Amino acid sequence: MRFQAMSRTLAWATIAFGLCLQTAASLAAESEFAVPPAPARTEGDGPYSQLILRSAIVINGTGTPAFGPTDIVIEGNRIVDVFPVGSPGGSKEPPNRPKLKAGGREIDLRNHYVLPGLVDMHGHIGGKEQGVPSEYVYKLWMGHGITTIRDPGCGNGIEWCASETRRSERNEITAPRIFPYAFLTPEKPLTTPEEGRKWVRDIKAKGAVGMKCFGYRPEVLQAIFDELKKQGMRSACHHAQMDVSRVNVLTTARWGLTSMEHWYGLPEALFDDRTVQNYPPDYNYFNEQDRFAQAGRLWRQAAEPGSEKYEAVIKELLALDFTIDPTFTIYLASRDLMRARRADWHEDYTLPQLWDFYTPNRDNHGSFFFDWGSEDEVAWRDNYRPWMAFVNDYKNRGGRVTVGSDSGFIYQLYGFGTIQELELLREAGFHPLEVLRSATLNGAQALGAADRIGSVEPGKLADLAVLDENPVANFKVMYGTGHVRLGDDGRTHRVGGVKYTIKDGIVYDARGLLKDVRDMVAAEKQKRGVTQLAQP
């Protein structure tokens, strides 16, 4: 039993962060991590023959500053016009303002902000070991204005993920758009380039639109990237330490990798006085505290900004039109464990079984805080400085940076983690409009879907988030728990949260979706006899 438990743990670690073990493939084939599909949709109104969002202030996702008032005209699931209707506070109405057609609906959004639906480029749909239903995950995302996710690996099985993708496309479920990517964890080891090519064709036949890898034998991996291009598919990679000495970010970018996940493989590409990370003598990669503690000391081993090596790497990645999906948020607990563990949203929104999964445990992936102390947290805070500086520099030179959360691990919760990523890009030096572009249009571009989603423009699908507070002034107003503000009455109030999430022209009450989640959590606590989440 002990061996089986360890196998399951290592398999999940493979799926989530890149231990390329053969147990992963066999377990995935048995749907070990599958969760029930989402129930049929009962939420949302529309789409309408015509929907007009009246007098809204628009943040269109391209980097353009907010403008309004405007009328956003939607017919079916498409935006057909974004029409200026005067000046803020003005009384003059243009004579040709859009008129509502018979059978249509209009929503008065005076003093409201409309932005494209967010694109989370690293959204795992939970798993059996975490014990969270897909409905819970989807509603947390949709309740935060997230209308598109890329599932980087489809840990519940590619067929399951592809089925949910199709159901979401048909709006049969309350869920974001899903872009399913298959993990490179074949049932049998791939030993030749042709076997790698066949694996790509097989996952495409099962419904995958891309692949996520952690590294692999170089000659096989190069063939896989070539076949992905031939098949019109895209890719993501977490360059795990198990293979990074042979295949780092520069290697895979040259072969055609679409996006790097997290930051693994990038410091290694920037080494100029070594070829491998400075591992302590007693380091063991399968010991997650070893792994994450030393990961927090890696960026200081990379070349300095402005050095010959640094310039060569950043210029080549820019020339390759490479995408960086940093997922800053998933490592926040490493630099301040207590803050991540005591976040405002856990008590009402974190299912008790997910809380148990987070709690320090040698058998659960990402629950590595066995003896996490001041030295580890200080190292991680220091690690963020050069990491954020590189990402900001890359953006400033024209590089594409996207938003990904990787929630469901390390005290990071779906939806909330995505908004935290916005705050962290702001911390890295991005202007708020650059942050929102990363969270919308940049993600759409990396997915090859910018012709359909990612900005508020005529011809695009009607995927939108509506707020009654200004996110450019304060990203905290996008959290489902809102933002604390002292009112003129001398009392504190919770303000903000997404008001409406519109996906494919269907209008969802975002706050209602989050109430559904709170009810799920309350019911599960009552079932388990839990009054509050236990702290270690």
Side-chain angles (χ1 to χ4, degrees), residues 44-118 145 147 431-437 439-441 444 450-475 477-478 482-483 485 487-488 493 495-512:
D45 298 313
Y48 300 90
S49 57
Q50 187 188 58
L51 172 65
I52 302 180
L53 307 179
R54 296 286 191 191
S55 303
I57 302 169
V58 174
I59 304 166
N60 72 6
T62 67
T64 298
F67 57 91
T70 63
D71 286 350
I72 303 170
V73 183
I74 299 165
E75 294 182 358
N77 66 349
R78 294 270 174 184
I79 300 169
V80 298
D81 203 358
V82 181
F83 190 89
V85 291
S87 302
S91 59
K92 188 175 181 180
E93 181 177 309
N96 56 342
R97 185 174 190 178
K99 300 294 189 295
L100 186 67
K101 297 177 181 177
R105 177 188 177 186
E106 59 183 14
I107 303 175
D108 184 357
L109 293 183
R110 192 178 311 274
N111 299 321
H112 286 63
Y113 290 79
V114 176
L115 54 148
L118 303 184
T147 55
H431 186 280
L433 292 171
E434 293 175 325
V435 173
L436 290 174
R437 182 173 60 198
T440 56
L441 186 58
D451 60 327
R452 309 190 301 281
I453 61 174
S455 59
V456 185
E457 298 180 277
K460 296 288 186 81
L461 292 172
D463 286 8
L464 306 166
V466 179
L467 296 96
D468 54 15
E469 294 279 340
N470 182 2
V472 175
N474 180 10
F475 286 128
V477 301
M478 298 186 71
H483 169 62
R485 179 181 295 157
D488 294 338
H493 302 270
V495 300
V498 175
K499 186 172 183 179
Y500 301 115
T501 297
I502 301 175
K503 180 231 172 182
D504 224 24
I506 298 172
V507 181
Y508 294 88
D509 176 356
R511 293 166 182 165

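Keep in mind it's a predicted model, so treat the numbers as computed, not measured. The figures here come from the full heavy-atom set of this structure, side chains too, leaving out hydrogens, waters and symmetry mates.
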- [ ] Any chance you could measure I72, atom CD1, to E457, atom CD, to the nearest 0.5 Å?
- [x] 12.0 Å

- [ ] Report yes if the side chains of P69 and P88 come closer than 4.5 Å at any heavy-atom pair, otherwise no.
- [x] yes

Output a table of donor-acceptor pairs, distance under 3.5 Å, between side-chain atoms of residues 110-118 and any protein atom two or more places apart or on a different chain; print 'none' if there are none.
residue, atom, partner, partner atom, Å
H112, ND1, R110, O, 2.9
H112, NE2, K499, NZ, 3.1

Task: Rounded distance [0.5 Å steps], CD1 in I107 versus CG in D45 - done: 8.5 Å

Task: Beyond-backbone contact of N60 with F67, side-chain heavy atoms, under 4.5 angstrom - done: yes

Open item on the list: Using side-chain heavy atoms (C-beta onward) and a distance below 4.5 Å, is I453 in contact with K460?
Closed with: no

Task: Any donor-acceptor N/O pair, H493 side chain to V495 backbone, under 3.5 Å - done: no

Open item on the list: I'd like to know whether NZ of K99 has more than 12 heavy-atom contacts from other residues, nucleotides or ligands below 6.0 angstrom.
Closed with: yes

Task: Test side chain to side chain donor-acceptor pair (under 3.5 Å) applied to T64 - qualifying residues, sequence neighbours left out - done: T62

Open item on the list: With rounding to the nearest 0.5 angstrom, report the CD1 to OG1 distance, I502 to T147.
Closed with: 10.5 Å

Output a table of donor-acceptor pairs, distance under 3.5 Å, between side-chain atoms of residues 76-87 and any protein atom two or more places apart or on a different chain; print 'none' if there are none.
residue, atom, partner, partner atom, Å
N77, ND2, D504, OD1, 3.1
R78, NH1, G459, O, 2.7

Open item on the list: Checking D451 now: which residues fulfil side chain to side chain contact (heavy atoms under 4.5 Å, CB included) with it, not counting sequence neighbours?
Closed with: none

TODO: Might you point out which heavy atoms bring Y500 and V498 nearest each other, and give the distance in Å?
DONE: O-CG1, 3.3 Å

TODO: Kindly state each residue pair satisfying salt bridge (Lys or Arg N to Asp or Glu O under 4.0 Å) with at least one member in residues 461-470, sequence neighbours excluded.
DONE: R177-D463, D468-R511, E469-R485

Task: Gap between atom OG of S49 and atom CD1 of I74 - 0.5 Å precision - done: 12.0 Å

List the atom pairs, with distances to 0.1 Å, where a side-chain N or O of residues 52-59 and a protein N or O form a donor-acceptor pair under 3.5 Å, not counting sequence neighbours.
residue, atom, partner, partner atom, Å
R54, NE, E106, OE1, 2.8
R54, NH1, D71, OD2, 2.7
R54, NH1, P98, O, 2.9
R54, NH2, P98, O, 3.1
R54, NH2, E106, OE1, 3.0
S55, OG, R97, NH2, 3.0

